[in-house]
Amino acid sequence: MNLSGKKIVVGISGGIAAYKCAELVRRLKDQQCEVKVVMTESAKHFITPLTMQAVSGEPVSDSLLDPSAEAAMGHIEFAKWADLILIAPATSNIIAKMATGIADDLLTTLVLATPAKVAIAPAMNQQMFAHPATQRNLETLASDGVAIWGPGQGEQACGDIGKGRMLEPNELVEQCTSALLPAEQPLLGKVITITAGPTREALDPVRYITNHSSGKMGYGLAEAAKMLGATVNLISGPVKLNPPTDIHVSHVNSAIEMRDEALRLASESDVFIGCAAVADYRAADIAEQKIKKQGDAMTITLVKNPDIIAEVAALTAKRPYTVGFAAETQNVEQYALGKLKNKNLDMICANDVSQAGLGFNSDNNALTLFWQEEQVSLPTSNKNELALTVVKAIASKLD
Ligand code: PMT
């Protein structure tokens, strides 16, 4: 599914996150849509029109009063051309102007003149975002039908930590896709529970055993399932991702906590997807105090964790369609098929995690989907796109 034939205006206002717009436009162009860039005067302090022209392959528009630009495509015509105007980053200033209908430059004028969908990706200091004036303006925009995408939470350019980061380019592309493509919803009425991220197995109050799972694959599956109409439960190990909206998220740490939550939700679910990288073992005893250094070597006794997905697949009363993941560094097909059989799964998605840039803690992945009688290879792609293909494949197998 791509955005081929769709027309998007990327409107850049003057915030530090403007530097991400080159990547945003490239990712949109990857989707084969037409992109035109409009910049405010202050945006040009953060990223040059030349850069944006190079990545969009189109001249950048920045002035309402430029006779040659108006002769080529007048601003009303421009406003009618778009299927979507996305303002990213949207500063508190442009949000305030939009909320009051001020049209004092090309971008704010286009917003008033367009019949197209308008979306903003707010980006600003967390204090500015939390300010009642900004919140009031955002409420006004939301009630005017403007889509508000983000902001995310985290460390900001100014050093503050909080809500105000612009969503990442790939998240914005995903939002554009859901906004512009007709929503096929084969999972409407279905409940899907997904595990994501690593588990943390404590050794003492300050140390634990874990792995490199970032949660990106599992969170991508959750978004894809939501996009296809499902009610989604996400059981997340400790990750640094923004909690998704309209998805019920249970935060857990250890495999035991994940198992308890999985079994609670699985019997109410039509589908269970185990994408989490669950630690196979945990410490036999968790020390109550920090373990002190002792000699040149030490031994930690580990005991086996429960196999969560195998327990779900063994449910007899209300067993969901059960999908596992297999992270392998060798003999990928053989090991994946072994897990499909031994854990009694309906489907398994195998990833070769020995390949650089794929699998754990990366934006991309490549998967082979196995059923008892069938297999499909999905070449390297962004995890969110792969997730959509995987969830569609699951949907096609449900009654
Ligand atoms: O999180 P990312 O950085 O995006 O990376 C994605 C990923 C590489 C973690 C993901 O694509 C993936 O492969 N997840 C499964 C990793 C894993 O633990 O595989 P496994 O082969 O060890 O386990 C097989 C299956 O059993 C998995 O569905 C796993 O969730 C499940 N399992 C494993 C152990 C256990 N105790 N309980 C389980 O339920």
Side-chain angles (χ1 to χ4, degrees), residues 168 170 193-201 209-224 234-241 244 252-263 265-266 271-282 302-315 320-370 378 380-387 389-391 394:
E168 294 303 322
N170 62 334
T193 296
I194 299 167
T195 66
T199 61
R200 265 184 199 171
E201 309 301 330
I209 301 171
T210 191
N211 58 64
H212 292 292
S213 172
S214 62
K216 287 180 187 171
M217 191 73 238
Y219 276 54
L221 291 164
E223 287 288 356
L234 177 63
I235 307 173
S236 176
V239 297
K240 293 193 179 124
L241 303 175
V252 297
N253 274 308
S254 66
I256 299 283
E257 287 170 12
M258 188 173 273
R259 191 263 309 256
D260 291 349
E261 196 59 358
L263 290 180
L265 293 167
V271 177
F272 181 89
I273 310 178
C275 185
V278 184
D280 287 323
Y281 293 89
R282 68 182 187 280
L302 300 177
V303 292
K304 209 168 186 183
N305 266 328
D307 191 321
I308 302 170
I309 204 159
E311 290 191 17
V312 169
L315 287 173
Y321 187 86
T322 308
V323 180
F325 269 70
E328 308 295 348
T329 54
Q330 57 177 337
N331 305 329
V332 178
E333 176 165 350
Q334 185 195 339
Y335 288 148
L337 286 173
K339 286 175 184 169
L340 180 72
K341 186 160 177 278
N342 298 336
K343 295 177 189 248
N344 187 31
L345 307 178
D346 297 294
M347 169 184 169
I348 194 155
C349 312
N351 32 200
D352 181 346
V353 293
S354 67
Q355 294 187 47
L358 301 183
F360 284 89
N361 199 17
S362 62
D363 288 334
N364 294 329
N365 208 358
L367 292 170
T368 308
L369 315 185
F370 293 97
L378 307 178
T380 301
S381 171
N382 179 277
K383 280 183 179 167
N384 295 332
E385 283 162 29
L386 274 176
T389 311
V390 169
V391 178
I394 295 170

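Each ligand, and each atom within it, is numbered from 1 in the order the structure gives.
- Closest protein heavy atom to atom 28 (O) of ligand 1: Gly274 O, 2.6 Å.
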Return a table of donor-acceptor pairs under 3.5 angstrom between the side chains of residues 332-342 and protein atoms on other chains or two or more places apart.
from	atom 1	to	atom 2	distance (Å)
Tyr335	OH	Asn331	ND2	3.4
Lys339	NZ	Glu328	OE2	2.6
Asn342	ND2	Gly338	O	3.1

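- Checked by atom type and distance alone, the side chain of Asn382 pairs as donor or acceptor with a backbone atom of Asn384 at under 3.5 Å.
- Less than 4.0 angstrom separates some heavy atom of Asp280 from each of these atoms of ligand 1: 34 (C), 36 (N).
- Annotation for ligand 1: atoms under 4.0 Å from non-hydrogen atoms of Ile309 are 26 (O), 28 (O), 31 (C), 38 (C), 39 (O).
- The distance criterion of under 3.5 Å between nitrogen or oxygen atoms is not met by Ala310 with respect to ligand 1.
- Put simply, the side chain of Ser354 never gets that close to the backbone of Asp352: no donor and acceptor are under 3.5 Å apart.
- Remark: Thr195 OG1 to Ile309 CD1 distance equals 6.5 Å, nearest 0.5 Å.
- Looking at Cys349 against ligand 1, nothing comes within 4.0 Å, counting heavy atoms.
- Remark: Ile194 CD1 to Leu265 CG distance equals 11.5 Å, nearest 0.5 Å.
- Near Met217, the atoms of ligand 1 lying under 4.0 angstrom from a non-hydrogen atom of the residue are 4 (O), 6 (C), 11 (O).
- Near Gly359, the atoms of ligand 1 lying under 4.0 angstrom from a non-hydrogen atom of the residue are 3 (O), 5 (O), 8 (C).
- The shortest distance between side-chain heavy atoms of Pro306 and Ile256 falls below 4.5 Å.
- Annotation: atom 1 (O) of ligand 1 to nearest protein heavy atom, Ser213 OG, 2.6 Å.
- Here the side chains of Ile394 and Met347 are in contact, with some heavy-atom distance below 4.5 Å.
- Here the OG1 atom belonging to Thr210 is positioned 9.0 Å from the NE2 atom belonging to His212, to the nearest 0.5 angstrom.
- Checked by distance only, ligand 1 and Val353 stay at 3.5 Å or farther apart across all their nitrogen or oxygen atoms.
- With hydrogens left out, the protein atom closest to atom 14 (N) of ligand 1 is Cys275 O, 2.9 Å, a heavy atom.
- Between Pro238 and Asn253 there is a side-chain heavy-atom pair separated by less than 4.5 Å.
- Ranking protein heavy atoms by distance to atom 33 (C) of ligand 1, first place goes to Lys343 NZ, 3.8 Å.
- Side-chain contact between Phe360 and Pro198: absent, with no pair of heavy atoms (C-beta onward) separated by less than 4.5 Å.
- Between Val390 and Leu378, some side-chain heavy-atom pair lies under the 4.5 Å cut-off.
- Every atom of ligand 1 is numbered from 1 in the order shown, and the set under 4.0 Å from a heavy atom of Lys339 is 20 (P), 21 (O), 24 (C).
- Not counting sequence neighbours, the partners of Lys216 by the side chain to side chain donor-acceptor pair (under 3.5 Å) test are Asp363.
- At least one N or O atom of Phe325, backbone or side chain, sits closer than 3.5 Å to an N or O atom of ligand 1.
- Protein heavy atom in closest approach to atom 37 (N) of ligand 1: Ile308 N, 3.1 Å.
- A heavy-atom distance below 4.5 Å is not found between the side chains of Val353 and Leu358.
- Between Ala326 and ligand 1, no N or O atom pair is found at a separation short of 3.5 Å.
- Near Ala276, meaning under 4.0 Å from one of its heavy atoms, ligand 1 places the atoms 15 (C), 16 (C), 18 (O), 29 (C), 30 (O).
- Among Asp352, Asn351, Leu386, Val312, the residue whose heavy atom sits closest to atom 8 (C) of ligand 1 is Asn351.
- The shortest N or O to N or O distance between Lys383 and ligand 1 is below 3.5 Å.
- Annotation for ligand 1: atoms under 4.0 Å from non-hydrogen atoms of Pro306 are 35 (C), 36 (N), 37 (N).
- In terms of polar-atom proximity, defined here as any N/O pair under 3.5 Å, Ala277 makes no such contact with ligand 1.
- If you number the atoms of ligand 1 from 1 as listed, the ones under 4.0 Å from a heavy atom of Gly324 come out as 28 (O).
- Where the criterion is an N or O separation shorter than 3.5 Å, residue side chain and backbone included, Ser214 meets it with respect to ligand 1.
- Considering only non-hydrogen atoms, atom 35 (C) of ligand 1 lies nearest to Val278 out of Ile273, Val278, Leu241.
- For atom 19 (O) of ligand 1, the nearest protein heavy atom (residue, atom name, distance) is Ala327 N, 3.5 Å.
- Using a 4.5 Å heavy-atom cutoff, the side chains of Thr199 and Arg282 are not in contact.
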